[in-house]
Each structure stands twice: as C-alpha cells, then as structure tokens.
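Just follow the structure's listing: the first ligand is 1, and inside any ligand the first atom is 1.
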Amino acid sequence: MRSSRGLAGATGAPHARILGVGAYRPSRVVPNSELVAAIDSTDEWIQQRSGIRERRFAGPEETVQRMAVEAAREALAQAGLDAPRIDAVVVATVSHLMQTPAIAPAIAHELGTEQAAAFDVSAACAGFCHGVALAQDMVRGGSAGHVLVIGVERLSDITSPTDRGTAFIFADGAGAAVVGPSETPGISPVVWGSDGEQFDLIRSREDWRDVLGTTADPGSRIMPHLTMQGNAVFRWASFAMAKVAQQALDRAGITADELDVFVPHQANMRIIDAMARAMRLPDHVRIARDVAESGNTSAASVPLALARMIAEGDARPGDKALLIAFGAGLAYAAQVVVVP
Ligand code: UT7
C-alpha cells in the first residue's frame, strides 16, 4: 500500500547573521601616475572625478582562487569556524575566465570543506550582496548550516589599459563573509532587482566567439574587455540606488537615524557622496570610502570595504550596516546586516 505521509518540512535556523569577514588585497599598489599616459589623463582628473588615488593589481600568483582562499580563511578565523563546518560556498565573480566549471568547487576543496555545495554567482558588482541574500535564505531554509560568501575579481585581466572610461576604475581583490544561524535577525530581507533595458551600459565589448572565433574557425584571439557608459551609469547609481537603499532600511524596519554604518559599492566617491546626500544620512553614520585606495573591485568591493571598516574600528560588533551594490546587468541588491 502507498504511504500517505507528506514530505519533511524545512528545518532551518530562526534567523541568520554574518559571523566573520575577511579580505585579501593584492600586494602591488598601482598609483594613478602609472596609468595616466596610456589614457591621456592626469592624477588630478582621476581623483576629482572618481576619488580614486590608487588601486591594487594582482600578480601572476594572485589568481582568483588564491585571493578567494586567503579572504575566506580570514573570514573563517574571525568566525571561529573550521572549513568542514561550511556547507555551501557561494562565489560572486565575473573574472574567473573559464566558462566551466565554476571556481567555487576548487575554492571549497582547497579550503578543506567536506564536499560543500559550491557554485558561482554572476551578478557583477552586485554579486556579493546577492550571495549574502542567498546565504541567509539557505541558513533559514535549512539547506545549509553555514555558508561562505566570497566576492573576488581580477578585473585587470579584462580591462583595457587604453580604455579612458575604465582603465583607472577597475581593480583586483577578494572579500568574504561567513553566514550562519542566529537567534535574532542579523541580516534583513534583501531588496534586489535588475534593469535589463540598460543591459548594454556595462558589458564585455564582445562575445567570446566574436574575438576568438569558434573552435572550428579560430579568429583574432583578442581578450574581450569591459566597456562602460560611465555617465549614464553614474546618473542611475546616484539617484535610483539611493531609493533602493531607503527601501532596504524600510524592510529592515529601521530609520537612517538608527543606522551606524553605510557600505555602498565602491564605484566612485562622488556616487557615494550623492547617495548619502539623497538619503539624508545623519552625521553619525560612518561611510565606507575604500574606493580611494582600492578602486572598483566589483564583487569584492563591499566585503573589502566592510573588512577595512572593521579593521580600523569604524564598524564595531553589533553595529547596523547598510550594504548596497549595483552594476552590470544592470543588477542591484541591498540589505542591512549586523556587524560581527
Ligand atoms: O561598478 C559598476 C558601476 N559603475 C559605476 O558606478 C561607475 C559610474 N561612472 C563613473 O564613475 C564616472 O562616469 C566616470 C568616473 C567613469 C567618469 O566621470 P564623468 O564625470 O562621468 O566623466 P564623463 O564621461 O562625463 O567625461 C567628462 C569629460 C569629457 O570631456 P568633455 O567632453 O567634457 O570635454 C571626457 O572626454 O572628461 C573627459 N574624460 C577624461 N579626461 C581625462 C573622460 N575620461 C577621461 C579620462 N581622463 N580618463
């Protein structure tokens, strides 16, 4: 006789929170002066328009996998967890330059997880915040006890040094967070979305087949690089994203007065300032300004900026931090998290 029993339900934690944060910054510091000749620019122009003074470019040994593992180890140490406690590894990146497999399983293996679920997320600069949103749902839904979320990029591989609109912006690095169970809410519901009508504003200049040819008919063998209609992205980010940030506060059930820390995607200091003004953030809210020394590291930018604020004492345990990230797609995601 067939059983009439239903399926077992979800057995997740009541809430989720970030337990530890880690960062990896490549060793080579690249000042504006090193880049200006190739793009007919000046250090003054770059600082005035973007707030960027320098950035880090990865060396040959500093692969996507290497940087991700280093950042993840730091996050695990801060969380006080060993790798076997991690059930899932979510890697946000657009610069793992192999179509398949994802880089996440290699990272999970090198870290020493016990065959954790591992996959990459492609949401460009918004990828880390997408990962945190997934991780909190996984912990609450019962599909993972602890999730490692990593944002990692080697954008120097896919940025043309002669492209005036991007060469001084994009850079390399990795950041990571461990998300685990909590008795109280530590990550607010995400506000996220996409605007595919603006798909072309930030994108690879070509499809792989356009530059490399097909396997049967090899072409010119030029790496497709990133292009950006900077001014249009700038306007969208400065205005539309301030509204999304406000929605994230509303969903978290707090006002700007109750916020301690603001960690926006590190794209441009002028965007960061415009968002803070549009949201009327009170003076006591400490704002991440890592872009000055790290440039725009896409998926790595929010965790790198948060890690710096924790290391420098600007984000303290128990603080409420608003994270918001936006970029190619166009895709965006925002949530409030309690700082570990
Ligand atoms: O991470 C994903 C999200 N990305 C972003 O949020 C990036 C958003 N965009 C930006 O950050 C800014 O648009 C940039 C920093 C990329 C550019 O700043 P902008 O104020 O938007 O400059 P613009 O493109 O409007 O150009 C202004 C002027 C132009 O000259 P004219 O027409 O005013 O004479 C450009 O030709 O600056 C000139 N210009 C440059 N000059 C020196 C453009 N690029 C350069 C350059 N160096 N590299």
Closest protein heavy atom (residue, atom, distance) for atom 27 (C) of ligand 1:
Arg49 NH1, 3.5 Å
Tell me which protein heavy atom sits closest to atom 23 (P) of ligand 1, plus the residue, atom name and distance to 0.1 Å.
Asn231 ND2, 3.9 Å
Result block: side-chain N/O donor-acceptor pairs under 3.5 angstrom for residues 132-140, not counting sequence neighbours:
from   : atom 1 : to     : atom 2 : distance (Å)
Gln136 : NE2    : Ser188 : O      : 3.4
Arg140 : NE     : Pro14  : O      : 3.2

Might you check, step by step, whether the distance between atom 19 (P) of ligand 1 and some protein heavy atom is under 4.0 Å?
yes
Which of the ligand 1 atoms, numbered from 1, are nearer than 4.0 Å to a heavy atom of Asn296:
1 (O), 2 (C)
Passes salt bridge (Lys or Arg N to Asp or Glu O under 4.0 Å), Asp157 versus Arg154? Steps please.
CA-CA 6 Å; Asp157 282 340; Arg154 258 180 76 106; 2.8 Å; yes
Under 4.0 Å from one or more heavy atoms of Ile169, ligand 1 contributes atoms 16 (C)
Sub-3.5 Å N/O-N/O distance, Asp40 and ligand 1
no
Contacting atoms of ligand 1, where contact means under 4.0 angstrom from a heavy atom of His265:
1 (O), 2 (C)
As a quick check of understanding, evaluate side-chain hydrogen bond (donor to acceptor under 3.5 Å, both in side chains) for Ser294 and Arg25, giving each step before the final call.
CA-CA 8 Å; Ser294 299; Arg25 296 173 197 275; 2.8 Å; yes
State whether the shortest distance between N or O atoms of Thr42 and N or O atoms of ligand 1 falls below 3.5 angstrom.
no
For Asp43 against Val36, the heavy-atom pair lying closest together:
N-CG1, 3.7 Å
Atoms of ligand 1, numbered as shown, that sit under 4.0 Å from any heavy atom of Ile271
6 (O), 8 (C)
Please identify which atoms of ligand 1 are closer than 4.0 Å to at least one heavy atom of Cys125.
1 (O), 2 (C)
To the nearest 0.1 Å, how far is atom 15 (C) of ligand 1 from its closest protein heavy atom, and which atom is that?
Asn268 ND2, 3.5 Å
Nearest heavy-atom contact between Ala171 and Leu155 is O-CB, 3.4 Å
Among side-chain atoms of Arg55 and Asn32, is any donor-acceptor pair under 3.5 angstrom?
yes
Hydrogens and angles aside, do Glu153 and Ser95 bring a side-chain donor and acceptor to less than 3.5 Å of each other?
yes
Nearest heavy atom to atom 36 (O) of ligand 1 wins, so pick from Arg164, Met228, Met241.
Arg164
With a cut-off of 4.0 Å, which atoms of ligand 1 are near a heavy atom of Phe168?
15 (C), 48 (N)
Do protein heavy atoms approach atom 48 (N) of ligand 1 to less than 4.0 Å?
yes
Counting only heavy atoms, which portion of Thr166 has something under 4.0 Å from ligand 1: side chain, backbone, both, or neither?
neither
Is it the side chain (CB and beyond), the backbone, both or neither of Ile46 that lies under 4.0 Å from ligand 1, heavy atoms counted?
neither
Between Gln247 and Asp250, do the side chains contain an N or O donor and an N or O acceptor separated by less than 3.5 Å?
no
Parallel, tilted or perpendicular, as decided by the 30° and 60° cut-offs, for the rings of Phe326 and His265
perpendicular
Protein heavy atom under 4.0 Å of atom 33 (O) of ligand 1:
no
Is there a continuous path of hydrophobic side-chain contacts, each under 4.5 Å between heavy atoms, that joins Val291 to Met228?
yes
Which atoms form the tightest heavy-atom contact between Pro340 and Val21, and what is the distance?
CG-CG2, 4.0 Å
Write out the residue and atom name of the closest protein heavy atom to atom 39 (N) of ligand 1, then the distance separating them to 0.1 Å.
Trp45 CZ2, 3.4 Å
Which heavy-atom pair separates Leu81 from His146 by the least distance, and what is that distance?
CD1-CD2, 3.5 Å
Non-hydrogen protein atom less than 4.0 angstrom from atom 3 (C) of ligand 1:
yes
Ligand 1 atoms in contact with Ile202 (distance to a heavy atom under 4.0 Å)
2 (C), 3 (C)
I need the minimum non-hydrogen distance between Gln335 and Pro189, along with the two atoms involved.
CB-O, 4.5 Å
Please indicate whether any nitrogen or oxygen in Gly230 is less than 3.5 Å from any nitrogen or oxygen in ligand 1.
yes
